**Student:** 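Okay, here's the structure, questions in a sec.
Computation of the quantities below employed the complete heavy-atom set of this structure, encompassing side-chain atoms and omitting hydrogens, waters and symmetry-equivalent molecules. Here the structure is a predicted model, which means the values were calculated and not measured.
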Amino acid sequence: EQSIMDDIEKKFLRNPEIMKNSIIVLWDKKWNPGVLGIAASKISKKHTRPVILISTTATPATGSCRSIGNININQALKQCSSFLEKFGGHAMAAGLAIKENNLEDFSKAMEKEIAVSTCEEDFKKSFSIDCYLDLKDITKDLLNEIDRLRPFGMDNPEPVFACSSVKVISSFLIGNKHRKMVLEQSGATMEAIHFNIENPADLPVFFDKIAFKLKMNRFKNRNTLQIIIEHI
């Protein structure tokens, strides 16, 4: 997954014109098709674009699609289905199979379809918060109540909370990509982790506001509450 992410960023550096497109469609023979969905999801969130990543390792080539906001990727695939062997999914995620000699035409057709069916507002980053929550109010009983809402998915998204004026009282990096912390707010403390931080050299010791989800950290049977930071 990480090698695919690195490879894609290199493609962006070599060809910055890609980032002017309404949708990112890329393919490569080296990519493992089993992790394309994860990579596509991360790229789409980072660059606020629908993304289609395709592995040409096998015949036909196979790909994973991830979208953003109100852009229905499955509907766009239907409009360009003449280039595909098969496809399926929903508004935010889909998979496809395509002959390699159709890739260029498919990419152009998808760009045209997304461009004409969207507006500038569709590409602006947005983040929905369900509720403001102080750290002192986070309990195992609350997490148990949230778990009763499962399964989470597109029509039943996992709740996202926010709190403000949070201090970092300790932290360390995991593999230079993830930051594990203990946070403090008005005397209450909470374990937190922030995955895929953008700049490991700039680690804030105070957050005006954070958005997060709640998890139970079961590593080594610890069973401790943990917040997963989604946005700062």
Side-chain angles (χ1 to χ4, degrees), residues 1-6 8-9 35-49 51 66-69 92-93 123-232:
E1 174 199 334
Q2 189 58 51
S3 67
I4 292 174
M5 298 286 290
D6 293 342
I8 290 170
E9 293 297 339
V35 295
L36 288 182
I38 300 171
S41 179
K42 290 183 177 180
I43 293 294
S44 68
K45 289 179 181 178
K46 181 176 180 180
H47 296 286
T48 326
R49 293 282 188 282
V51 173
R66 295 294 184 270
S67 194
I68 58 168
M92 298 301 293
F123 298 94
K124 290 184 177 180
K125 286 189 176 183
S126 62
F127 203 86
S128 298
I129 303 297
D130 292 291
C131 179
Y132 273 83
L133 193 67
D134 289 335
L135 295 186
K136 65 180 177 61
D137 297 320
I138 299 174
T139 64
K140 290 184 179 180
D141 285 342
L142 174 62
L143 185 57
N144 288 335
E145 291 295 318
I146 293 170
D147 282 341
R148 293 177 64 188
L149 302 175
R150 295 181 183 275
F152 298 126
M154 182 180 174
D155 293 326
N156 183 36
E158 186 174 355
V160 178
F161 302 96
C163 65
S164 56
S165 301
V166 179
K167 298 177 184 178
V168 180
I169 59 176
S170 69
S171 77
F172 62 90
L173 291 177
I174 304 172
N176 292 323
K177 278 288 190 178
H178 317 304
R179 187 186 187 193
K180 194 167 185 179
M181 296 169 278
V182 175
L183 304 179
E184 187 267 336
Q185 181 202 47
S186 302
T189 60
M190 182 66 56
E191 184 180 281
I193 189 162
H194 189 187
F195 292 107
N196 299 301
I197 58 177
E198 293 186 2
N199 186 1
D202 181 19
L203 300 177
V205 296
F206 179 84
F207 297 109
D208 287 326
K209 189 181 297 184
I210 59 172
F212 59 91
K213 295 178 180 178
L214 295 179
K215 301 290 184 184
M216 184 68 75
N217 182 5
R218 304 186 189 280
F219 182 65
K220 293 185 178 180
N221 296 316
R222 292 178 60 194
N223 292 324
T224 56
L225 289 168
Q226 184 181 67
I227 65 177
I228 309 299
I229 295 179
E230 298 286 314
H231 190 71
I232 58 174

**Student:** Run the side-chain hydrogen bond (donor to acceptor under 3.5 Å, both in side chains) test against Glu191 and tell me which residues pass, sequence neighbours left out.
**Tutor:** Asn217, Arg222, Gln226
**Student:** Would you mind listing every ring pair (Phe, Tyr, Trp, His ring centres under 6.0 Å) that reaches into residues 195-218, with sequence neighbours excluded?
**Tutor:** His178-Phe195
**Student:** Arg179: which residues meet the side-chain hydrogen bond (donor to acceptor under 3.5 Å, both in side chains) condition with it, sequence neighbours left out?
**Tutor:** Ser171
**Student:** Among all residues two or more places apart in sequence or in another chain, which pass the side-chain hydrogen bond (donor to acceptor under 3.5 Å, both in side chains) test with His194?
**Tutor:** none
**Student:** Would you mind reporting whether Pro200 and Leu173 have side-chain heavy atoms less than 4.5 Å apart?
**Tutor:** yes
**Student:** With a 4.5 Å cut-off on side-chain heavy atoms, are Leu203 and Ile197 touching?
**Tutor:** yes
**Student:** Mark yes or no for whether Ser44, through its side chain, and Ser41, through its backbone, hold a donor-acceptor pair below 3.5 Å.
**Tutor:** yes
**Student:** With sequence neighbours left out, which residue pairs that include part of residues 195-214 fulfil the side-chain hydrogen bond (donor to acceptor under 3.5 Å, both in side chains) condition?
**Tutor:** Tyr132-Lys209
**Student:** Are Leu225 and Leu214 side-chain neighbours, meaning at least one heavy-atom pair lies under 4.5 Å?
**Tutor:** no
**Student:** Considering only distance and modelled atom types, tabulate donor-acceptor pairs under 3.5 Å from the side chains of residues 158-166, sequence neighbours left out.
**Tutor:**
{"from": "Glu158", "atom 1": "OE1", "to": "Lys215", "atom 2": "NZ", "distance (Å)": "3.4"}
{"from": "Glu158", "atom 1": "OE2", "to": "Lys215", "atom 2": "NZ", "distance (Å)": "3.1"}

**Student:** Please enumerate all residues that pass side chain to side chain contact (heavy atoms under 4.5 Å, CB included) together with Ala93, with sequence neighbours excluded.
**Tutor:** Arg66, His90
**Student:** List for me each residue that meets side chain to side chain contact (heavy atoms under 4.5 Å, CB included) alongside Asp141, sequence neighbours excluded, and say none if there are none.
**Tutor:** Thr139, Asn144
**Student:** Check whether any side-chain heavy atom of Leu142 sits under 4.5 Å from a side-chain heavy atom of Asp137, and report yes or no.
**Tutor:** no
**Student:** Can you list the residues that meet the salt bridge (Lys or Arg N to Asp or Glu O under 4.0 Å) rule with Lys45, with sequence neighbours excluded?
**Tutor:** none
**Student:** If the condition is side chain to side chain contact (heavy atoms under 4.5 Å, CB included), which residues does Ser170 pass it with, not counting sequence neighbours?
**Tutor:** Val182
**Student:** The criterion is side-chain hydrogen bond (donor to acceptor under 3.5 Å, both in side chains); which residues satisfy it with Glu1, sequence neighbours excluded?
**Tutor:** Lys42
**Student:** Are the side chains of Ile193 and Ile229 in contact, using a 4.5 Å heavy-atom criterion?
**Tutor:** no
**Student:** If the condition is side chain to side chain contact (heavy atoms under 4.5 Å, CB included), which residues does Lys136 pass it with, not counting sequence neighbours?
**Tutor:** Asp134, Ala188
**Student:** Side chains of Ile210 and Leu183: closer than 4.5 Å at any heavy-atom pair?
**Tutor:** yes
